[in-house]
Amino acid sequence: MAMVKEKKLSAETISAQALHQIDEMTGGITPAIHPSSTFLRDENYQLINARHSYGRDENPGYAVAENVLAELEGASAALLFSSGMAAAMAVVQSLRPGDHIVAPRVMYWGLRNWMSKFCDTWGLGLDLFDSADPVALANTIRKGKTRLVWIETPCNPTWDVIDIAAAAESAHAAGACLAVDSTVATPVLTQPIKHGADIVIHSASKYLNGHCDIIAGALVTAREDELWERVCEVRTQAGAILGSFEAWLLQRGMRTLFLRVRKACESALAFAQHFDGHANVGAVIYPGLPGHPGHEIARRQMDGGFGGMLCIQVKGGAEAALNVVKRCKVFTRATSLGGVESLIEHRYTIEGEGSPVPRDWLRLSIGIEFVDDLIADFEQALG
Ligand SMILES: Cc1ncc(COP(=O)(O)O)c(C=O)c1O
């Protein structure tokens, strides 16, 4: 009988069915939650299941989300963490004193600030580059010294789009590895490993979970090499592990990832186009608009949309911008991104003194509501 080659399932199917991982014990089509912090040994003191000894090493409930994420990213393995910050720091903590890191000046501010402090105390070198300048990254790398090139694309909050393949080429030529924070793009729009990245980071608190009800992080790797072994060790030994219920919520959230991200992209584009050129708007900062500096790279690198995040520069300065926030009724005034409901925030207030974000910018996370409601709300708020 002729062998029928099994057709590889699409990413949407993999995501919706969570790889069709059925609970072995019960046949449940959703996984069980495993709150146990410790695991039985038999009378000969052998573990009942060799993988499970203590809850800080590994939780049986992690595998569903980790397997799905690894598959969606085209990765060799994935690891869940207690937050996006913990995931990112596990990569940085896996370096050795004297190693050098290159990172963009514009990126998630919490991580940039923490990296600067951490590198200082741990004897790591750190140089920041201008992500809007296409040659700055390559010029900041120090051959033989730089061990980690860190990028975020699209990056917070300018949504500059960094060419992952070019960054990977520069990093690898210098003997460094490339880590990509792909929180905003998600595997729906970009799979950094296909473009040459070695490690991908997600704040799973955002789109992967999608409901603003957990704090979680994830890393995926192109290969299970020495760096990855150290990353695994950092999670186990330093203990930045995810709770069992949060891991369960994450696998549930990821089942609707494609629907949510596609809807957010569609609405963000319609929203951006509507307010581009509006009398009370100085600029709409969105990579889906042809005038955005990252548009051409985004068209090549992002598949099926430009993301759900954008910024609006309000004419009239900081006060006018804060007045718009005050008048919004449909947008929710809160920090964060990637949830089903649309959020509006004044980034400068969140980041505080020294923030590079202009005071007349508002950051919007477009959710899955009816886009006309969002447009009407922002229109009335602009006055
Ligand atoms: C792009 C990006 N990376 C990382 C993080 C940190 O993630 P978490 O808040 O889950 O620790 C955030 C949080 O806002 C983020 O926006």
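Both counts, for ligands and for their atoms, begin at 1 and track the order of listing.
- Atom numbering of ligand 1 starts at 1 in the shown order; those under 4.0 Å from a heavy atom of A216 are 10 (O).
- Every atom of ligand 1 is numbered from 1 in the order shown, and the set under 4.0 Å from a heavy atom of M85 is 6 (C), 7 (O), 8 (P), 11 (O).
- Each of the atoms 8 (P), 10 (O) of ligand 1 lies under 4.0 Å from some heavy atom of S205.
- Between the T183 side chain and the S203 main chain, a donor and an acceptor come within less than 3.5 Å of each other.
- For the 3.5 Å distance criterion, the side chains of T190 and Q301 fail to qualify, holding no donor opposite an acceptor.
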Review item, side-chain donor-acceptor pairs of residues 107-114, under 3.5 Å, at least two apart:
unit_1 : atom_1 : unit_2 : atom_2 : d
R112   : NH1    : R105   : O      : 2.8

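- Heavy atoms of L111 come nearer than 4.0 angstrom to ligand 1 in no pair at all.
- For the pair A204 and ligand 1, the shortest N or O to N or O distance does not fall below 3.5 Å.
- Here the protein heavy atom with the shortest distance to atom 7 (O) of ligand 1 is S203 OG, 3.0 Å.
- Residues N156 and R347 bring no donor and acceptor atom of their side chains to less than 3.5 Å of each other.
- Those atoms of ligand 1 with a heavy atom of G84 less than 4.0 angstrom away are 7 (O), 8 (P), 10 (O), 11 (O).
- At least one N/O-N/O distance between D181 and ligand 1 falls below 3.5 Å.
- Residue contacts with ligand 1, taken as heavy atom pairs separated by less than 4.0 Å, do not involve V184 at all.
- The pair R147-E226 does not count as a salt bridge, with every side-chain nitrogen at least 4.0 angstrom from each carboxylate oxygen.
- The part of K206 lying near ligand 1 is the side chain, judged by heavy-atom distances below 4.0 Å.
- Among protein heavy atoms, atom 6 (C) of ligand 1 sits closest to Y108 CE2, 3.5 Å.
- Of the protein's non-hydrogen atoms, the one nearest atom 16 (O) of ligand 1 is N156 ND2, 3.5 Å.
- E233 has no carboxylate O lying under 4.0 Å from a charged side-chain N of R230, or vice versa, which leaves the two without a salt bridge.
- In this structure, V284 belongs to a hydrophobic cluster whose other members, linked by side-chain heavy atoms under 4.5 Å apart, are L269, F271, F275, V281, Y286, L289, F306, L310, I312, V314, V324, V325, V330, F331, I344, L362, L364, I366, V371, L374, I375, F378, L382.
- Without hydrogens or angle criteria, W159 side chain to P157 main chain gives a donor-acceptor distance under 3.5 Å.
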